[in-house]
2 protein chains.
Amino acid sequence: MEVKDKKKHILDSAEKLFAVKGFEASTVRDIADEAGVNLAMISYYFGSKDKMMESLFQERMINTKLKVQQLLSNEHIAPFGKVEIMLDDYIKKVIENQSFYKILLCEQVMKKNPEIIKMLRELKLEYAAMFTELVKEGQKKKIFKKNVDVVLALSTMTGIVTQIIINKEHYCEFNNLEGLADDDLKNYLHKKLLDHLKNIFKTILGYES
Amino acid sequence: MEVKDKKKHILDSAEKLFAVKGFEASTVRDIADEAGVNLAMISYYFGSKDKMMESLFQERMINTKLKVQQLLSNEHIAPFGKVEIMLDDYIKKVIENQSFYKILLCEQVMKKNPEIIKMLRELKLEYAAMFTELVKEGQKKKIFKKNVDVVLALSTMTGIVTQIIINKEHYCEFNNLEGLADDDLKNYLHKKLLDHLKNIFKTILGYES
DNA sequence: GGTTTTATCAAACAATTGTTTAGTTTTGCT
DNA sequence: AGCAAAACTAAACAATTGTTTGATAAAACC
């Protein structure tokens, strides 16, 4: 296997462990076992356990910004259409990378790794700035209301999706969805969340279809 | 100091540390130092570090169920009035106990302590059952729409509030609220969140005031 | 094909972990 | 006051932590 693939494979294994045990509780021996490599390889490849975590975040957050940028600059989509696509993309991404978004959530609480916190801060500011542009575009066309709290709106999107992912077991138990196959559940949740968030964003933006 | 007060004092100190460093990264020596007691006291009082965490959850989650129960059984409040009070109570509680709700969030992700997971599962099911009754009451009176996803609705409440608390610094930075005193910020966020959630719950429940 | 660089490994490293021990002080009760 | 129970402490405990070492194997290069 190539070195790059091996590094990725270790990151995948680490991600799996971090998501269920947390960063601190996952030992480098756990990670090495999960990945099937010698434990010295983690220091050898990444420098340290902390830096491996930073590599994981870099790896997973690439392209997040670019995609939104491309979407918003598209002239052929109406403002609320862009909102719908943004919601759809975000939901898809979280559902397909549940482990990482769980780690992300914990890291935002702990704020332990300054390097990661810095990355997240910049990404959030850029994201908020881009969404602000989108809202302004809608306001100029008189289809979005004035005085939209963009960070509150974005937090609404991330908060609801994250909460459902964390609460997945409880959601299934309460709604008798426990027999569903994993892919079916993903589809179900995606549909449910998208519909829910679309309605909420109509309210937030004062948009009437 | 009485034993009970001392136990509470240790729990307060532990809560503070857990919220910023996480459970695993907070050592019993950290906790003992923060509380100003000998590190052997933690095992002496609580049995172990894990059981201290369970004590913390028991201590903090007392009365949560009772309060909602009393609210919902009150005959003199209209259904959406109850929803408003429920939202207000929840927001208040999270804002006043930010540290605990951060720990709670991480614990839901990690699912490390089975005893705590059991407690949370039961509380969530009871909470969902109670809210279901409230929704039914509103539906019977034809003021709430049919087919309300109660767990999704509750996750909307918890998700948004939690996300804002986690993102507090970013929210303040983006909205130039960094000069605000802590109490003023709490009031501001409370007002903002309550207004936001009321509107969203109107949409969710199909309620028109 | 020989040599240098890279990759891999088992073992050892010092530091830190949660918990226990064994002894001392304080408290509560008669 | 006398004594048993509870509260408290410093020191020691074994186990586990992330990282480094020194040696060997593989790969790359000329």
Side-chain angles (χ1 to χ4, degrees), chain A residues 1-59 103 106-107 110-117, chain B residues 1-59 103 106-107 110-117:
Chain A
M1 202 190 299
E2 272 194 45
V3 173
K4 259 200 168 178
D5 292 334
K6 201 153 200 171
K7 283 183 85 169
K8 278 191 181 175
H9 176 239
I10 294 176
L11 285 183
D12 286 342
S13 306
E15 183 184 50
K16 212 180 295 176
L17 284 176
F18 289 164
V20 295
K21 301 178 70 175
F23 176 74
E24 296 289 341
S26 306
T27 71
V28 290
R29 284 165 183 82
D30 290 338
I31 300 165
D33 281 354
E34 176 77 28
V37 301
N38 188 280
L39 87 160
M41 287 295 95
I42 277 129
S43 292
Y44 179 74
Y45 275 134
F46 302 98
S48 70
K49 191 189 171 192
D50 281 286
K51 281 182 184 162
M52 184 189 56
M53 181 72 146
E54 294 168 23
S55 292
L56 176 63
F57 271 75
Q58 272 157 4
E59 180 79 24
I103 301 168
C106 291
E107 199 59 26
M110 320 270 204
K111 299 182 203 302
K112 211 209 145 202
N113 190 316
E115 213 58 47
I116 292 177
I117 295 304
Chain B
M1 204 190 296
E2 270 193 47
V3 173
K4 260 202 167 176
D5 292 334
K6 201 153 203 174
K7 285 183 82 168
K8 278 192 180 173
H9 175 240
I10 294 176
L11 286 183
D12 286 342
S13 306
E15 183 184 53
K16 214 180 293 178
L17 284 176
F18 289 163
V20 294
K21 302 177 66 174
F23 176 75
E24 297 288 342
S26 306
T27 71
V28 291
R29 284 167 183 80
D30 290 338
I31 300 164
D33 280 354
E34 176 77 29
V37 301
N38 188 282
L39 87 161
M41 286 295 93
I42 276 126
S43 293
Y44 180 73
Y45 276 134
F46 301 99
S48 71
K49 192 189 171 193
D50 282 285
K51 282 184 184 161
M52 184 188 56
M53 182 73 146
E54 293 168 23
S55 291
L56 176 63
F57 271 74
Q58 272 157 2
E59 181 79 22
I103 302 168
C106 292
E107 199 58 26
M110 320 271 205
K111 299 183 200 302
K112 211 208 145 202
N113 189 316
E115 211 59 47
I116 291 176
I117 296 304

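Hydrogens, waters and symmetry mates are skipped; everything else that's a heavy atom, side chains included, is used. The sequence lines fix the lettering, A, B, ..., with proteins before strands; numbering per chain opens at 1.
Nearest to the side chain of Arg29(A), among dT19(C), dT19(D), dA7(C), sits dT19(D). Checked against dA10(C), dG18(D), dG18(C), the side chain of Ala40(A) finds its nearest nucleotide in dA10(C). Taking the side chain of Lys49(B) as heavy atoms from C-beta on, and the options dT17(D), dG18(C), dC9(C), the nearest nucleotide is dG18(C). Considering only the side chain of Asn38(B), dA10(D) comes nearest among dA7(C), dA10(D), dA10(C).
Looking at heavy atoms from C-beta onward, Val37(B) lies out of side-chain contact with Tyr45(B) at the 4.5 angstrom threshold. Using a 4.5 Å heavy-atom threshold, the side chains of Met52(A) and Val28(A) count as separate. The closest side-chain heavy-atom distance from His9(B) to Ser13(B) is below 4.5 Å. Taking the side chain as every heavy atom from C-beta outward, Glu107(A) and Lys112(A) approach each other to under 4.5 Å. The closest side-chain heavy-atom distance from Glu115(B) to Phe57(B) is not below 4.5 Å. Residues Ile103(B) and Met53(B) meet the side-chain proximity criterion, which asks for heavy atoms closer than 4.5 Å. Contact annotation: the side chain of Leu56(B) approaches that of Phe18(B) to within less than 4.5 Å [non-hydrogen atoms, C-beta and beyond].
An angle of 20°, rounded to 10°, separates the two end axes of the helix from dG1(C)-dC30(D) to dT30(C)-dA1(D), each defined over five pairs.
Straight-line distance from the NE2 atom of His9(A) to the P atom of dA7(C): 17 Å, rounded to whole Å. Protein atom CG of Asn113(A) is 15 Å distant from nucleotide atom P of dG18(D), rounded to whole Å. With rounding to whole Å, Asp33(B) atom CG is found 13 Å from dT16(C) atom P. Here the P atom of nucleotide dT20(D) and the CD1 atom of Ile42(A) are 13 Å apart, to the nearest Å. Atom CZ of Phe46(B) and atom C1' of dT19(C) are 16 Å apart (whole Å). Residue Tyr44(A) contributes atom OH, which lies 14 Å from atom P of dT20(D) at whole-angstrom precision. With rounding to whole Å, Ile10(B) atom CD1 is found 15 Å from dG18(C) atom C1'. Note: CE (Met41(A)) to P (dT6(C)) measures 14 Å, nearest angstrom.
Contacts of Leu39(A) with the nucleic acid, taken as non-hydrogen atoms under 4.0 Å apart, include base atoms. Residue Tyr45(B) is in sugar-phosphate contact alone, with no base atom involved, counting any heavy-atom pair closer than 4.0 Å across all strands shown. Residue Ser43(A) is classed as a base contact, given a heavy-atom separation below 4.0 Å to a base.
Comparing Thr27(A) and Gly36(B), the nucleotide of DNA chain D nearest to each residue sits closer to the 5' end for Gly36(B). Heavy-atom distances to DNA chain D give each of Gly47(A) and Asp30(A) a nearest nucleotide, and the one nearer the 5′ end belongs to Asp30(A).
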